[in-house]
Amino acid sequence: NKLRVGLLFGGRSGEHEVSIISARAIAQGLKLEANANKYEILPFYIQKDGVWQSGVIAQQVLESGVPQEILSTTPNLWQFPPETAQVELWFPILHGPNGEDGTIQGLLTLTQVPFVGSGVLGSATGMDKIAMKMAFAQAGLPQVKYKTVTRAEIWSNPCVFPKLCDEIEATLGYPCFVKPANLGSSVGIAKVRSRQELEVALDNAATYDRRIIVEAGVVAREVECAVLGNDNPKASVIGEITFDSDFYDYETKYTPGKADLFIPANLPELVAQQIQEMALQAFAAVDAAGLSRVDFFYVETTGEIFINEINTLPGFTSTSMYPQLWANTGIPFAQLVDQLIELAIERHSPVN
Ligand code: ATP
Ligand code: MG
Ligand code: MG
Ligand code: MG
């Protein structure tokens, strides 16, 4: 008897397309080697408008990789296909808002069926860069200087805004990074070098989110560590990303050839160890489970390591950093998805 795995992908986020590619890779992995005898895949595709598709339509999207949007025949977007009742374990591979942020995790918790990855708290804390940074600060993890700003401060009060910009200039200086708190794939992020750019970027970020964060820019190498496990998680070897663009923006992330991954990163052994320890601390700090990719800035000249962020549902395509880090640590793709499923079952058991 095979375990029926509900593969949940697509989603109402800017990372919809990436999610489909991740799901295709995972579906492949579930058909490889020993997995083929253990798991049966039930695909569930969430359209960009939030409508759930199952069966033939979901299978088509999974096979073709092409998003679909069929007009819903019911007024309730939250009406779920009847096949959801057959699912014995959920594998959500949704990136960004409405998938990586605890919303889906709350729904899956209510189904009382185990699911891969972090629960509500870990997902929500990891997604919101302000909550995440508070948790990291409490854990004593080094971070760049930052300031939090609200949409209300940016839009509603003409007296507050100039003061706010003054404060950012005085405490963070240029260049600084303006980010909506709850996004991924660098969507809505701007690197700014002047007052005018700062004002435009804040206004733009406020169109994405009520919560905004501004960070001091660092000149550093970008390195990432994968974490796998529940209460006794393991850290992978470190990977590095290099690119020629101004920063690791959306275009650089998703245009083939614009960024290169190096695994393992060429780092002093001690630095690699420190990064692994910090990745595990970060995982615990936000209460992540199953998997996460933790991103860092390494300033070679001073030896400083700053944590940038945690991603609780990182990109999972066959060329993504997360599975590649594990492949280089001795866990090939098919074994990785198998272990994630085992971890979901472990976490769901009554004592956990
Ligand atoms: P992901 O797709 O990994 O979820 P994200 O949208 O959450 O990304 P960040 O990782 O916060 O965004 O930032 C995206 C990129 O912007 C970083 O990889 C880096 O290139 C650049 N960046 C962000 N913050 C800083 C900073 N404080 N100093 C220098 N570069 C930065
Ligand atoms: Mg992120
Ligand atoms: Mg992300
Ligand atoms: Mg990032």
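Just the heavy atoms: all of them, side chains too, but no hydrogens, waters or symmetry mates, feed the values below. As the structure is a prediction and not an experimental result, all values here were calculated from the model.
- Here the closest heavy-atom approach between residue F243 and residue F247 is recorded as CE1-C, 3.6 Å.
- When atom types are taken as modelled, the side chain of Q105 and the backbone of G99 share a donor-acceptor pair closer than 3.5 angstrom.
- Within the 4.5 Å cutoff, the side chain of L336 has heavy atoms near those of the F316 side chain.
- Other residues, nucleotides and ligands place more than 12 heavy atoms under 6.0 Å from the NZ atom of K2.
- No hydrogens or angles considered: a donor-acceptor pair under 3.5 Å links the side chains of Q68 and Q60.
- A distance of 12.0 Å separates OG of S54 from CD1 of I46, quoted to the nearest 0.5 Å.
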Determine, stepwise, if the pair E215 / K129 fulfils salt bridge (charged side-chain N to carboxylate O under 4.0 Å, His left out). CA-CA 11 Å; E215 296 177 19; K129 291 189 192 297; over 6 Å; no
Starting from the C-alpha separation in whole Å, work towards a yes-or-no answer on side chain to side chain contact (heavy atoms under 4.5 Å, CB included) for L89 and V116. CA-CA 8 Å; L89 181 136; V116 169; 4.1 Å; yes
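- Side chain of D203 to backbone of V200: no donor-acceptor contact under 3.5 angstrom is found.
- T148 contributes no side-chain N or O that, together with a main-chain N or O of R211, makes up a donor-acceptor pair within less than 3.5 Å.
- Separating the CD1 atom in I241 from the CG atom in D260 is a distance of 10.5 Å, to the nearest 0.5 Å.
- With K48 as reference, E17 is the one residue of H16, E69, E17 to meet the side-chain hydrogen bond (donor to acceptor under 3.5 Å, both in side chains) rule.
- In this structure, W52 and P81 approach most closely via the heavy-atom pair CB-CD, 3.6 Å.
- Looking at R12, its side chain never comes within 3.5 Å of a backbone N or O of D49 through a donor-acceptor pair.
- A donor-acceptor contact shorter than 3.5 Å links the side chain of E153 to the backbone of T150.
- Residues T125 and F136 have side chains not in contact (no heavy-atom distance under 4.5 Å, counting atoms from C-beta outward).
- A salt bridge links D166 to R195: one of the charged nitrogens lies within less than 4.0 Å of a carboxylate oxygen.
- In this structure, I70 places its CD1 atom where more than 12 heavy-atom neighbours from other residues, nucleotides or ligands lie under 6.0 Å away.
- Atom CD in Q273 sits 11.5 Å away from atom CG in L267 (nearest 0.5 Å).
- Listed for the D287 side chain is no donor-acceptor partner under 3.5 Å among the backbone atoms of L121.
- Ring centroid separation for the pair F9 and Y45 comes in under the 6.0 Å cut-off.
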Walk me through whether T171 and K147 qualify under side-chain hydrogen bond (donor to acceptor under 3.5 Å, both in side chains). CA-CA 9 Å; T171 55; K147 189 173 162 43; over 6 Å; no
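- Side-chain contact between V192 and C176 is present, with heavy atoms from C-beta onward closer than 4.5 Å.
- No hydrogens or angles considered: a donor-acceptor pair under 3.5 Å links the side chains of Q59 and E63.
- Considering every non-hydrogen atom in both C159 and P162, the closest pair reads O-CD, 3.6 Å.
- By the 6.0 Å contact criterion, CG on D244 is open, its count of non-hydrogen atoms from other residues, nucleotides or ligands being 12 or less.
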L228 vs F283, test: side chain to side chain contact (heavy atoms under 4.5 Å, CB included). Steps then yes/no. CA-CA 9 Å; L228 175 68; F283 189 84; over 6 Å; no
Please lay out, stage by stage, how D209 and L183 fare under the test side chain to side chain contact (heavy atoms under 4.5 Å, CB included). CA-CA 9 Å; D209 203 337; L183 277 174; 5.8 Å; no
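- Looking only at distances, no side-chain donor or acceptor of S236 sits under 3.5 Å from a matching main-chain atom of C225.
- By the 4.5 Å heavy-atom criterion applied to side chains, R221 and F297 are not counted as neighbours.
- Closest of all the heavy-atom pairs between K31 and A36 is O-CB, 3.5 Å.
- Counting only heavy atoms from C-beta outward, the side chains of E224 and D295 approach each other to under 4.5 Å.
- Distance alone, capped at 3.5 Å, is enough to place a donor-acceptor pair between the S13 side chain and the E15 backbone.
- Between atom CG of residue L7 and atom CZ of residue F44 there is a gap of 9.5 Å, rounded to the nearest 0.5 Å.
- Y146 contributes no side-chain N or O that, together with a main-chain N or O of L172, makes up a donor-acceptor pair within less than 3.5 Å.
- Among all heavy-atom pairs drawn from P180 and G188, the shortest one is CD-O, 3.3 Å.
- Inter-residue side-chain proximity for F80 and L107 is flagged as met; some heavy-atom pair is nearer than 4.5 Å.
- Checked by atom type and distance alone, the side chain of Q143 never pairs as donor or acceptor with a backbone atom of F306 at under 3.5 Å.
- Residue-environment remark: NZ (K38) exceeds the threshold of 12 foreign heavy atoms within 6.0 Å.
- Residues L313 and L291 meet the side-chain proximity criterion, which asks for heavy atoms closer than 4.5 Å.
- Heavy-atom minimum distance, W326 versus A226: NE1-CB, 3.3 Å.
- A salt bridge links R193 to D246: at least one charged side-chain nitrogen sits closer than 4.0 Å to a carboxylate oxygen.
- Side-chain contact between N182 and Y208 is absent, with no heavy atoms from C-beta onward closer than 4.5 Å.
- In this model, a donor atom of one side chain and an acceptor atom of the other lie less than 3.5 Å apart for H95 and S22.
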